[in-house]
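Values reported hereafter were calculated over all heavy atoms of this structure, with side chains retained and with hydrogens, waters and symmetry mates removed.
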Amino acid sequence: MYMIKRLVTIVWVTVIGIFLFSSGYAQDDRYVRVSIMRNEDSVSVKVGGFYQIKNAETGEIMRRGRGLRGDVAYSPAGFSIAKTVFKAHKIFIKSDYPEEITVNGRKFSGGILLAQKSGSNFSVINYIRLEDYVKGVLYHEVSHYWPIEVLKAQAVVCRSFALYQMQANKNREFDVTNDIYSQVYGGRTSERYRTSLAVDRTKGIVLTYNGKILPAYFHSTCGGRTEDASVLWHTTIVPLKGVECGFCKESPHFKWIKILSPEE
């Protein structure tokens with residue numbers, strides 16, 4: 001948040017034009033597509049309650065049931081789950097809300113898309129409601145023991161960042177990744193009471209600049225000065241210009257040393 005030093009506007013989000021036809025979700029719902037695993041050859045999945053498995057390319061419902069558990073793999077015949085083969089390159093597993101899906105021991109709300117990538121490798125993309133996504137992020141980006149106003153401010157930033165990426169990546173297979181290259185996201189397993197409370201108390205609030213969602217990039221330590229966002233992300237808006245910053249001077253990472261050889 002230290003990078004956002006100049007005037008921005010806080011607004012309520014009411015409608016977001018992100019329509020997900022292939023997932024099976026209603027098109028007026030707000031979902032973030034999070035790439036949670038990439039180039040996997042096997043994962044384990046579990047759903048405790050009702051679920052359905054859909055061919056994500058044709059929309060065909062391939063199975064409905066209650067209680068799913070097993071290993072997932074891909075072969076030329078299609079995806080196999082607990083030794084049952086589903087003939088498709090992409091399948092979508094949806095659980096009844098708020099039932100969760102467990103993937104490799106970690107719990108996720110919403111649904112997951114399994115998409116074959118190369119050979120027998122496939123990716124796993126979590127389709128999740130925006131507010132639930134922010135709840136799965138906040139614990140990893142701030143301490144849940146920090147003052148509630150700090151948590152609320154960070155929730156607004158994380159929500160703004162997610163919405164910006166949803167708009168920017170609407171023609172890609174996913175909006176964000178689950179690591180430091182987007183925001184660290186751990187699903188329902190990472191939700192905590194105080195961080196979830198901060199998300200609920202700021203529901204729908206985002207940062208905008210000149211009527212558009214602000215790409216709310218943030219960091220833990222700037223070392224005394226932020227860099228222009230244009231250096232990394234090709235955005236030249238005024239609030240993301242580099243500025244002097246003393247807020248993080250108590251951080252253990254404020255000062256650091258890196259030794260480079262002449263060749264480097």
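Closest of all the heavy-atom pairs between A198 and A155 is O-CB, 4.2 Å. Heavy-atom minimum distance, D175 versus N169: O-ND2, 2.8 Å. Here the shortest heavy-atom pairing between I101 and I93 reads CD1-O, 3.4 Å. The heavy-atom pair separating A229 from Y217 by the smallest distance is CB-CD1, 4.4 Å. The two atoms that bring T195 and R192 nearest to each other are OG1-O, 3.1 Å, heavy atoms only.
Hydrophobic clustering of Ile, Leu, Val, Met, Phe, Trp and Tyr side chains at less than 4.5 Å, counting indirect connections, unites V150 with V157. Residues F161 and W233 share a hydrophobic cluster, clusters being chains of Ile/Leu/Val/Met/Phe/Trp/Tyr side chains in contact below 4.5 Å.
Between the CD atom in Q154 and the CZ atom in F218 there is a gap of 4.5 Å [rounded to 0.5 Å]. To the nearest 0.5 Å, the span separating CD1 on I112 from OH on Y127 amounts to 11.5 Å. Taking CZ of F122 as the start and CD of E40 as the end, the distance is 6.5 Å to the nearest 0.5 Å. In this structure, NZ on K90 lies 14.5 Å from NZ on K54, to the nearest 0.5 angstrom. Atom CG of L114 is separated from atom CD1 of I91 by 4.5 Å, given to the nearest 0.5 angstrom. To the nearest 0.5 Å, atom CG of residue L240 and atom OH of residue Y209 are 9.5 Å apart.
In this structure, the side-chain contact (heavy atoms from CB on, under 4.5 Å) partners of R188, at least two apart in sequence or on a different chain, are E100, K107, S109, E191. With sequence neighbours left out, the salt bridge (Lys or Arg N to Asp or Glu O under 4.0 Å) criterion links R225 to E244.
At least one cation-pi condition fails for R33 and Y31: the charged atom is not both under 6.0 angstrom from the six-membered ring centre and inside a 45 degree cone around its axis.
Not one N or O on the side chain of E149 forms a donor-acceptor pair closer than 3.5 Å with the backbone of K152. Side-chain atoms of T226 come within 3.5 Å of backbone atoms of V243 as a donor-acceptor pair (strictly under, hydrogens ignored). Side chain of T102 to main chain of G105: no donor-acceptor pair is present (N/O by atom type, distance under 3.5 Å, no hydrogens or angles). Judged by distance alone, the side chain of Q167 and the main-chain N or O of Y164 form no donor-acceptor pair under 3.5 Å. In terms of modelled atom types and a separation under 3.5 Å, the side chain of N55 and the main chain of T58 share a donor-acceptor contact. Of the possible donor and acceptor atoms, one in the side chain of N104 sits under 3.5 Å from a partner among the backbone N and O of S44. With hydrogens and angles ignored, the 3.5 Å screen pairs a side-chain donor or acceptor of S143 with a backbone N or O of Y145.
With 3.5 Å as the limit, one finds no donor-acceptor pair spanning the side chains of H253 and S220. A donor and an acceptor atom, one from each side chain of R106 and N178, are nowhere located under 3.5 Å apart. Neither side chain, D179 nor Y185, offers a donor N or O lying under 3.5 Å from an acceptor on the other. A side-chain donor-acceptor contact under 3.5 Å links S182 and T177.
Y181 shares a hydrophobic cluster with I180, V184; the chain of contacts runs through ILVMFWY side chains whose heavy atoms sit under 4.5 Å apart. Other cluster members for I257: I259, joined by side-chain heavy-atom distances under 4.5 Å among Ile, Leu, Val, Met, Phe, Trp and Tyr.
In this structure, K203 and R201 have side chains that are not in contact, with every pair of non-hydrogen atoms separated by 4.5 Å or more. For the pair V124/L113, no side-chain contact is recorded, criterion being any heavy-atom separation below 4.5 Å from C-beta on. Between V156 and S160 the shortest side-chain heavy-atom distance falls below 4.5 Å. At least one side-chain heavy atom of S190 sits less than 4.5 Å from a side-chain heavy atom of H140. Looking at heavy atoms from C-beta onward, Y51 lies out of side-chain contact with D96 at the 4.5 angstrom threshold. Counting heavy atoms from C-beta outward, S230 and T235 have side chains that stay 4.5 Å or more apart.
Between K117 and E173 there is a salt bridge, since at least one side-chain N of the basic residue sits less than 4.0 Å from a carboxylate O of the acidic one.
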Determine whether E227 and L232 satisfy the following criterion, side chain to side chain contact (heavy atoms under 4.5 Å, CB included), listing intermediate values before the conclusion. CA-CA 9 Å; E227 181 61 274; L232 290 173; 5.8 Å; no
I'd like to know whether I125 forms a side chain to side chain contact (heavy atoms under 4.5 Å, CB included) with V34, so could you lay out the CA-CA distance, the side-chain angles of the two residues, the decisive distance to 0.1 Å, and finally the verdict. CA-CA 5 Å; I125 300 170; V34 190; 5.7 Å; no
Would you sort out whether F92 and I53 count as a side chain to side chain contact (heavy atoms under 4.5 Å, CB included), showing the intermediate values? CA-CA 6 Å; F92 191 83; I53 299 176; over 6 Å; no
I would like to know whether L260 and K258 meet side chain to side chain contact (heavy atoms under 4.5 Å, CB included); could you show each step before the answer? CA-CA 6 Å; L260 301 176; K258 173 69 175 179; 3.9 Å; yes
Could you go through residues 65-82 and list every donor-acceptor pair under 3.5 Å that involves a side-chain atom there, pairing it with any protein atom two or more places apart or in another chain?
unit_1 : atom_1 : unit_2 : atom_2 : d
Y74    : OH     : H89    : ND1    : 2.7
S75    : OG     : A77    : N      : 3.3

Can you give each donor-acceptor pair under 3.5 Å made by side-chain atoms of residues 131-139, sequence neighbours left out, with the distance rounded to 0.1 Å?
unit_1 : atom_1 : unit_2 : atom_2 : d
E131   : OE1    : R159   : NE     : 3.3
E131   : OE1    : R159   : NH2    : 2.9
E131   : OE2    : R159   : NE     : 2.9
E131   : OE2    : G204   : N      : 3.4
D132   : OD2    : Y97    : OH     : 3.2
Y133   : OH     : Q183   : NE2    : 3.2
K135   : NZ     : D200   : OD1    : 3.0

